[in-house]
Amino acid sequence: MPETHSLEDVLNTPQKKLAFFQNLVLVAAADGQLSTEEGDFLLQIGNKLGLKPEEVMPIADNLGVLSFIVPAEGLQRTLELQTLVQMMLQDGQLDAREYGLCQEYAMRIGYSKSILDDMVSQLAGGEPNPYPNPPTVS
C-alpha cells in the first residue's frame, strides 16, 4: 500500500507554506476574478496550514509582481500541482489563464501536458483521458 502524505506533513516550514499559498493565489487570481468557491478554498487551505492574515496579505498586495515558486522536493511538487488543479476547478470553469498557469507549473516540474490533462480530468471527477481538449486563450 503506498504511503500517503498530507499537505501539513510535506509543507513543514513557514517558507514552504507561504510559497505554496502564493502559488494557489496566483492560479485563483489568473482570470481576474475570485469566485466564492475559490475564496473558500483559499481560506480552507490557509486555515489547514495555520497561516495568519498578516502572513498572507503581502501576497495579495503584490500579486502583479509575483511568480510561481517551484519546490525542490518531488513529493511536494506533485501535491502542489494537484492542489493548483483543484483551485482551477473550484468555480466550475476551466479558464484558459488558470489552465495556462497550471500548465506552466507542470512543465517547470517536469510533467508533460498529457499528465496535467489526465490530472485535470480525474480531479474533475472524470475518467483518465489522455486526449482532452484544453481551453485556448483568445
Quiz item: side-chain contact (heavy atoms from CB on, under 4.5 Å) with Glu37: which residues, sequence neighbours excluded?
Solution: Ser35, Gln90, Asp91

Self-check item: Partner residues of Asn47 under the side-chain contact (heavy atoms from CB on, under 4.5 Å) criterion, sequence neighbours left out
Solution: none

Quiz prompt | Note, Gln82 side chain near Val85 side chain (heavy atom, < 4.5 Å) | solution = no

Exercise. Would you mind reporting whether Ser114 and Asp117 have side-chain heavy atoms less than 4.5 Å apart?
Key: no

Exercise. Give a yes-or-no answer on whether the side chains of Asp118 and Gln122 include a donor-acceptor pair shorter than 3.5 Å.
Key: yes

Quick one: [atom1] on [X] to [atom2] on [Y], what's the gap to the nearest 0.5 Å?
X	Y	atom1	atom2	value
Gln103	Glu98	CD	CD	14.0 Å
Lys52	Met57	NZ	CE	16.0 Å
Leu18	Leu49	CG	CG	9.0 Å

Quiz item: Got a sec, which residues hit salt bridge (charged side-chain N to carboxylate O under 4.0 Å, His left out) with Glu55, two or more places apart in sequence or on another chain?
Solution: none

Exercise. Quick one: list whatever passes salt bridge (charged side-chain N to carboxylate O under 4.0 Å, His left out) with Lys17, sequence neighbours left out.
Key: none

Quiz item: Between Leu66 and Asn62, what is the shortest heavy-atom contact and its length?
Solution: CG-O, 3.1 Å

Quiz item: Can you name the closest pair of heavy atoms from Lys16 and Asn12 and give their distance?
Solution: NZ-OD1, 3.2 Å

Compile the donor-acceptor pairs under 3.5 Å between side chains in residues 19-31 and protein atoms, sequence neighbours left out, one pair per line.
| residue | atom | partner | partner atom | Å |
| --- | --- | --- | --- | --- |
| Gln22 | NE2 | Ser67 | O | 2.8 |
| Asn23 | OD1 | Ile69 | N | 3.0 |
| Asn23 | ND2 | Ile69 | O | 2.8 |
| Asn23 | ND2 | Glu80 | OE2 | 2.3 |
| Asp31 | OD1 | Gln33 | N | 3.0 |

Quiz prompt | Under the ring pair (Phe, Tyr, Trp, His ring centres under 6.0 Å) test, residues paired with Tyr105 that sit two or more places apart | solution = Phe68

Self-check item: Test side-chain contact (heavy atoms from CB on, under 4.5 Å) applied to Ile115 and Leu81, step by step
Solution: CA-CA 11 Å; Ile115 291 173; Leu81 179 60; 5.6 Å; no

Quiz item: Between Val120, Leu94, Leu89, Leu84, which is the residue that forms a side-chain contact (heavy atoms from CB on, under 4.5 Å) with Cys102?
Solution: Leu84

Practice problem: Determine whether Ile59 and Leu43 fall in the same hydrophobic cluster, where Ile, Leu, Val, Met, Phe, Trp and Tyr are linked whenever their side-chain heavy atoms lie under 4.5 Å apart. | Solution: no

Quiz item: Transitively linked via ILVMFWY side-chain contacts under 4.5 Å: Met107 with Met87?
Solution: no

